[in-house]
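No hydrogens, no waters, no symmetry mates; every other heavy atom, side chains included, goes into these values. As the structure is a prediction and not an experimental result, all values here were calculated from the model. Quick note on labels: first sequence line is chain A, next is B, and so on, each numbered from 1.
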Amino acid sequence: GNSVTQMEGPVTLSEEAFLTINCTYTATGYPSLFWYVQYPGEGLQLLLKATKADDKGSNKGFEATYRKETTSFHLEKGSVQVSDSAVYFCALSARIFNKFYFGSGTKLNVKP
Amino acid sequence: EADIYQTPRYLVIGTGKKITLECSQTMGHDKMYWYQQDPGMELHLIHYSYGVNSTEKGDLSSESTVSRIRTEHFPLTLESARPSHTSQYLCASSESAGNIQYFGAGTRLSVL
């Protein structure tokens with residue numbers, strides 16, 4: 001079956017610290033992988049995506065690389081800001097029926 | 001920027017009332033989804049639609065119902081609301097051939 005596992009939060013960092021949020025997946029076939037971000041009181045916004053092995057998605061200083069050999073898609077950012085405080089969801093899309101599988105979300109708190 | 005709208009944003013109602021949560025998108029997407037998001041942040045798919053007159057139940061059993069008589073509109077109805085229905089409800093859509101899901105801002109429902 002298909003599933004996504006991401007690290008539990010909350011993750012608390014000081015401004016300008018390095019961020020890693022781990023995400024691993026199980027999937028049949030060759031899924032696309034995504035990171036979404038949810039700011040307080042809002043819906044989910046697409047942060048970045050990767051559609052095949054070794055692809056690197058990047059946006060707003062965040063990066064994640066599709067690693068087929070380790071079935072991982074870890075989110076990284078070199079220097080976090082207070083405005084990055086949000087909940088981050090890892091997800092995969094099974095190509096058949098365009099169904100999404102979301103991780104349970106990781107809350108990030110960045111302190112000044 | 002995705003154009004998907006949910007109304008109302010917040011709703012507080014009494015037990016036994018009938019309610020309809022509205023979701024509309026202007027992107028012409030065939031596929032639409034309803035998710036229930038619990039306080040622990042996890043997303044649960046409760047309904048989805050592949051197109052007009054197509055609706056399916058999702059992974060989480062829900063007492064709500066949906067309809068899809070127009071491509072752009074995917075309302076969710078609760079015939080008799082109960083406190084256990086208190087949650088955040090997120091609507092999403094995607095292109096038929098693509099695989100990014102675009103989310104609305106959500107409706108936060110409280111049933112007293």
Side-chain angles (χ1 to χ4, degrees), chain A residues 1-11 21 23 25 27 29-52 55 57 59-60 66 73 85-109, chain B residues 1-10 21-25 27 29-51 54-60 87-110:
Chain A
N2 299 307
S3 67
V4 174
T5 302
Q6 60 182 104
M7 64 188 287
E8 289 189 21
V11 173
I21 301 178
C23 171
Y25 68 90
Y30 303 96
S32 294
L33 301 174
F34 305 83
W35 277 100
Y36 281 81
V37 59
Q38 185 177 32
Y39 297 102
E42 298 184 11
L44 277 68
Q45 301 174 23
L46 178 68
L47 182 59
L48 53 84
K49 69 169 186 172
T51 58
K52 61 183 188 297
D55 267 2
N59 186 27
K60 300 180 182 179
Y66 189 143
F73 193 56
S85 298
V87 179
Y88 294 81
F89 290 90
C90 185
L92 72 83
S93 172
R95 299 210 185 275
I96 297 176
F97 303 128
N98 193 24
K99 190 173 181 181
F100 262 55
Y101 298 84
F102 285 93
S104 55
T106 301
K107 186 171 185 178
L108 171 66
N109 296 316
Chain B
E1 194 70 28
D3 295 317
I4 180 164
Y5 307 101
Q6 291 186 244
T7 57
R9 289 293 313 275
Y10 304 94
L21 308 184
E22 301 288 350
C23 177
S24 295
Q25 49 96 5
M27 298 170 284
H29 288 169
D30 285 332
K31 293 183 174 154
M32 296 189 74
Y33 311 83
W34 276 104
Y35 292 88
Q36 186 172 336
Q37 186 174 28
D38 61 27
M41 305 178 299
E42 195 160 352
L43 292 158
H44 302 284
L45 180 67
I46 53 175
H47 298 284
Y48 60 99
S49 167
Y50 295 150
S54 155
T55 60
E56 302 286 343
K57 289 190 179 296
D59 303 321
L60 179 69
S87 189
Q88 167 139 281
Y89 293 85
L90 294 170
C91 180
S93 73
S94 64
E95 292 180 6
S96 185
N99 57 14
I100 296 174
Q101 289 196 4
Y102 298 93
F103 282 80
T107 294
R108 186 167 295 281
L109 173 66
S110 294

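- Of the atoms belonging to Leu46(A), it is side-chain heavy atoms, and not backbone ones, that fall under 4.5 Å from chain B.
- For Gln37(B), the part lying under 4.5 angstrom from a heavy atom of chain A is the side chain only.
- Only the side chain of Arg9(B) comes within less than 4.5 Å of a heavy atom of chain A; its backbone N, CA, C and O stay farther away.
- With hydrogens and angles ignored, the 3.5 Å screen pairs no side-chain donor or acceptor of Tyr102(B) with any backbone N or O of Gln45(A).
- Only one option out of Tyr36(A), Phe100(A), Phe89(A) pairs with Leu43(B) in a side-chain contact (heavy atoms from CB on, under 4.5 Å); it is Phe89(A).
- Using a 4.5 Å cut-off between heavy atoms, Gln38(A) touches chain B through its side chain atoms alone.
- With sequence neighbours excluded, the residues forming a salt bridge (Lys or Arg N to Asp or Glu O under 4.0 Å) with Asp59(B) are Lys99(A), listed by chain and number.
- The ring pair (Phe, Tyr, Trp, His ring centres under 6.0 Å) test applied to Tyr35(B) returns Phe102(A), Phe103(B), not counting sequence neighbours.
- Atom OH of Tyr39(A) has more than 12 heavy atoms from other residues, nucleotides or ligands within 6.0 Å.
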